[in-house]
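What follows is a single structure, written as C-alpha cells, with notes after it.
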Amino acid sequence: MTKLLIAVCFSLFLSEGKAQNLSENELKAAFLYRFSQFSKWPPPPPDKLSFCVVGNPDLYQAIGSLLHEQQVDDDTEVIELPDNEQVSQCDILFLSQQNRQQTQYWLEDLAQSPVLVVADTSEGFRQGAMIGLIADANNLSFRVNLTDAKRRGLNFSAHLLKLATEVR
Amino acid sequence: MKQQYLIAGFMVGLSSCVLAKNDPLPELEDLLNQQLNQLPSNTQISAGSRIERSSSDSMAVTHVITDKDIRQFNLQSLADILAMFVGITTRDNSSFIYLGSRGIGRPGDFNSRFLFLLDGTRMNENLLDAGLLGYENFVDVGLIERVEYSPGASAALYGNNALLGVINIVTKTSSKLRGLNTAVSVTNNNTQHGRITFGLRSEGGADSWLSLSGAKLRDIDFPVPGAPAELLAWQHLNKESSSRAMFSHQSGSFQFQAAASRRQRSFPDGFSVLRSDVPAMVTPELETLDNEAFFVALTFDDTTSENIEAYFHISTHGNDLIRNVPLTLPNGGLEFVRPMNSGRWSNVDGQLVFLGVENHELMLGIDFQRDHRQAFSSRSSIPTQFNFEQKSNENRYGLYVQDLWRITPKFKFQWALRYDNSDFSSERWSPSLTAKYSFTPGHRLLLRHSRAFRVANFLERNANSVFNEPNPKNETIDYNEISLVQRWSNSLSSFTTLYYANIDNLIHQDFFRPIYFNPPPIRSHGVEFGVDKRWSNGMSLIASSAIQRSRLRGGFGIANSPEFIGKVRFSLPLGRSGFTLSLNSYGVSKRRTFDSHLPGFASHDVSVNWQNEEDVFIALGVRNITDKEILDITDDGFVPNLQRRRQLHLSVNWSWDHD
C-alpha cells in the first residue's frame, strides 16, 4: 500500500503542471474575453462584439484562437488596426506597449464613444484607458478607471471591480 | 506489485488527459492566479523615477521581489526580503538588523544610508534616520505586494538618505486581502507569528483593509559565540514580542493610511549574571527595549488635466525608543539607566508632472519635513552623571526638477537637479544625468552619473557637541554607473551593472569615545550581474552575483565589505499537485573587521509549499539547512554576532471571502 501511495505521488509530481501554460499573450486574450463578459455597454448593446488590437500581432492571433475555441465566432470579431480610421467600430480596444504619442493618436477620435480601452502599461492607464492590464514579474493584474468608464456610458460588474487591484 | 504501479500511473495519466482536454477558459480569479511562465514584456516600477513607469521606460535598474516570492520562500521580515536582492547583506545582533550594500555596511549606521518608502511615504525615522527591518517595521510581510530596490545614488529625486539605494514597499489592496485573511507561522526555536486582515471593496470601488498582527520570540539564542553556561541558564528570559496594526482606505484619487507598531525586547543583563558575588540561582536583572511608532498619511495621486499629473502627500509620524539598562555600582548597588529617543515629525510633499511638451516629461516637486521633536534623554534612578537631555526641532526642505527627453524611440536622456536645505546643515545641490539607448526592444544600455548626500543625523551632531567636537561633515557620493539590461527571449533575461563611486566623509563612530568623525575618502567600484530563467512548466531560476572592492584612500580596507556575494533561488512546481519546491542559497566572501577577518560562508534554505486554489497556502521549510555558523559584526565591538542558525518553519495562510 505504501508503495502504491509513493507511486501515485511520484506520478502526480511528474504529471503536467497545474497551470495551463498560457503564454503572456494567451493570458491577455483570456483576460480581454472575461472583461467583455463583465462589462456593460450603453443601449443598444453591440450586435457583434469587436475586439480591436493595436501593436501586438501575437495578441491578435491569440484572441482569434480564443474566440474560435469558445465558439463565439458568430457574435464576435477581432480586428488588427493599422490606423485609427476604424477605431470607432471597436467595442474593445487593446493598446499594447504604446507610448504617449501613440496612445494619444488612438484615443483622439474616440471622444466620449463607449469603447472599452484596455492598455498594458501604467502610462497608458493613466492616459485614458479604462482598464490597465499590467504584469508584475509573476502574474498579470488589472486596474480600473471607473470614473472614465462611466463618463463614456460603460459600466462594470461588481465582480470585476472586486478583483481589480485598484479602482479609480 | 508492478500492477499497483501500472494502475496508479494509468489513473493519474487518465485524469491528466481528461483535465487537459476539458480545460475550460479560466475564470477571472483563476487568470489572476495564473503564473506567467515566461518573462513579461513590461512591468511597472516606481522607486527609480518617483512616479509609476513601465520597466522598459524606466531610467534606472530596479529589482523587484513580489508577493509570490515572499510566500514561496516563506520570508518573515523586510530583512528576509531585502536579503534576496543582488549585492545586499543583512546582519542581526538580535536587537537591530543592519543592511549593507556594495561594500558599505558601516557598523552602527542603523540603515540610514538607504531611503525607505512605504507606498511612497518616507519611513526613515528622524533621530538616526534609521530604517527598521524586523518585526518593528509597520508592515507585516503578508501585506506586501512587492518591494522595489533601486541601487545607487538617488538624491537628485529623493534628497537625504538615498545614498546607496532606494527601497520602496508597495502594499496590497483588498483585491488580494478581501474578506478575512489570516496567517499563522511557527518555528522550531519558539517564534510564533499571527496576522488577521479584513478587506472590503465597496460597489463604487472604494478599497479598505485593516490588519492586526503579532509575533513572539522566546528562548532567543544569545548572539555571541561560546556564551557561558551561567548565561545560557537564563536563555528563557531572552525574548521579544511585537504587535502591529495597519489601516488603509483608498477612494478615487485619495489614499489614507495609518499604522502603529510596538516591539518589546528583554534579555538578561550579562554583567549581573556573571558577577562572582551573586548566587547562581538569583534571577538576573533584565535589560529591556521598548519601541513604539506610528504614522498617519493622506495621499492624492491623479491626472488633473490632459497634460498634468499631480501627487500630493501629507503625513505625520512618531517613534519612541526607551531602553532600561541595569548598572551595577562599585559598591554593589544597582542603578537603572533609561536612555530614550523620541521623535515626532511631519512631511508635506507635492509633485507635478507636465506632459504637454512633445517627447518631454517634466517633473517639479517639493518635499518639506518639520521635525516637531528630536529628543534624546537619559535618566537614572538616582541622580548621577548619566542624566542628560538633548532636544531640538528642525525644518528641512528640498526642491527638485527632472526632465525625461525621449530624443528618438531608441534614445532617451534624463536630467534632474535637487536643492536641499535644513536648519542644521548647509545647502546642498544634487544633480543626476542618465542616458539610455535601446539597441532593440529587449536590449538596453544605461549610463548614469549622479551625486547624493547624507546629512549628519541628530545623534551624530549632538554626540559631538557634548564633547565639544565639531560636527561631522555631511557624507557625499559621486556615483557613475553603466548598466546593460537584456531580454534574450521570452524565458531568459539578464542585467549587468558596473559602478564606480567616490564617497567622501562617510561618518563613523570613534573607537574610544562616543563621538563621530569623517574618515578619509572611500573609492568603491564593482560589478553586479544577474539572470532570470523561466521554463514552460513553471520552473524558474534567478541568480545574481556582486563583486566589489571598496578602499579608504591609501588602500586600507573597510569593515563589513565582502568582495563577493552570490545568490541563487530556484522553484519547481511539483506536477498538478499544487506543491512547489523552492531552494534559496547565498554565499558571502570573508569580511574584514577592526582587528581580524570573518570567514566567508554559504547558507541554503529549502521549502515546500502547497496551495489549494486560492484560499489555503501552506509552507514548510528549513533555513540554513547545514546549520552553518555565520558571524558578522554589527557595531564597533570586537565580538562578532552569531547569525540565524538552522531553523525549521511552518506557515499557514487561509482566506475566506464572504462573497
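We name chains A, B, ... by the order of the sequence lines, and we start the count at 1 in each one. Atom set for the values below is all heavy atoms of this structure, side chains included, hydrogens, waters and symmetry mates excluded.
Residue contact with chain A, scored on non-hydrogen atoms closer than 4.5 Å, involves the side chain of B:Asp57 exclusively. Proximity to chain B (any heavy atom under 4.5 Å) is restricted, for A:Ile134, to the side chain, taken from C-beta onward. Contacts of A:Phe156 with chain B are absent, with no heavy-atom separation under 4.5 Å from either backbone or side chain. Heavy-atom distances place both the backbone and the side chain of B:Ser41 under 4.5 Å from chain A. Heavy atoms of A:Gln70 lying under 4.5 Å from chain B belong exclusively to its side chain. Only the side chain of B:Arg534 has a heavy atom closer than 4.5 Å to any heavy atom of chain A. When heavy atoms are compared at a cutoff of 4.5 Å, A:Gln104 approaches chain B solely by way of its side chain, counted from C-beta outward. When heavy atoms are compared at a cutoff of 4.5 Å, B:Leu31 approaches chain A by way of both its backbone and its side chain. Only the side chain of B:Glu145 comes within contact range of chain A, with heavy atoms under 4.5 Å apart. Both the backbone and the side chain of A:Glu24 come within contact range of chain B, with heavy atoms under 4.5 Å apart. Using a 4.5 Å cut-off between heavy atoms, A:Lys28 contacts chain B through its side chain alone, with no backbone atom that close. Using a 4.5 Å cut-off between heavy atoms, B:Leu355 contacts chain A through both its backbone and its side chain. When heavy atoms are compared at a cutoff of 4.5 Å, B:Thr303 approaches chain A solely by way of its side chain, counted from C-beta outward. For chain A, the nearby part of B:Gln250 is the side chain; its heavy atoms alone come within less than 4.5 Å. Contacts between B:Glu358 and chain A at a heavy-atom distance below 4.5 Å involve backbone atoms as well as side-chain atoms.
The closest donor-acceptor contact from the side chain of A:Gln127 to the backbone of A:Arg100 lies under 3.5 Å. Side-chain N or O atoms of A:Gln102 include one that pairs as donor or acceptor with a backbone N or O of A:Asn99 at under 3.5 Å. A donor-acceptor pair under 3.5 Å is formed between the side chain of A:Asn84 and the backbone N or O of A:Tyr105. Side chain of A:Arg152 to backbone of A:Ala149: no donor-acceptor contact under 3.5 angstrom is found. B:Thr580 places no side-chain N or O within 3.5 Å of a backbone atom of B:Asn609 that could act as its donor or acceptor partner.
Using the six-membered ring where Trp is involved, B:His360 and B:Trp405 have ring planes that are parallel, under 30° apart on the 30 and 60° scheme. Using cut-offs of 30° and 60° on the angle between ring planes, the pair A:Phe142 and A:Phe31 is perpendicular.
Ranked by heavy-atom pairs under 4.5 Å with chain B, the first of A:Ala158, A:Ser141, A:Ala164, A:Ala30 is A:Ala164. Per-residue heavy-atom pair counts under 4.5 Å with chain B were compared for A:Leu160, A:Leu161, A:Asn139, and the maximum is reached by A:Asn139. Heavy-atom pairs under 4.5 Å with chain A peak, among B:Ser540, B:Gly252, B:Ser251, at B:Gly252. Taking chain B as the reference chain and counting heavy-atom pairs below 4.5 Å, the highest number among A:Leu140, A:Leu27, A:Leu146, A:Thr147 is found for A:Leu27. Chain B forms more heavy-atom pairs under 4.5 Å with one residue of A:Gly132, A:Ala135, A:Gly124, A:Gly128 than with any other, namely A:Ala135. Contact tally against chain A (heavy-atom pairs below 4.5 Å) for B:Val64, B:Asp301, B:Ile51: the top residue is B:Asp301.
With rounding to the nearest 0.5 angstrom, the CG atom of A:Leu95 is 5.5 Å from the OG1 atom of A:Thr103. Rounding to the nearest 0.5 angstrom, the gap separating the CG atom in A:Asn25 from the OG atom in A:Ser96 is 6.5 Å.
Note on B:Lys172 versus B:Asp67: salt bridge recorded, some NZ/NE/NH1/NH2 to OD/OE distance being below 4.0 Å. By the 4.0 Å N-to-carboxylate-O rule, B:Glu361 lies close enough to B:Arg406 to be salt-bridged with it.
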Step by step, work out the salt bridge (charged side-chain N to carboxylate O under 4.0 Å, His left out) result for A:Asp136 and B:Arg146.
CA-CA 9 Å; A:Asp136 69 19; B:Arg146 67 180 188 274; over 6 Å; no
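A heavy-atom distance below 4.5 Å is found between the side chains of B:Gln255 and B:Ser248.
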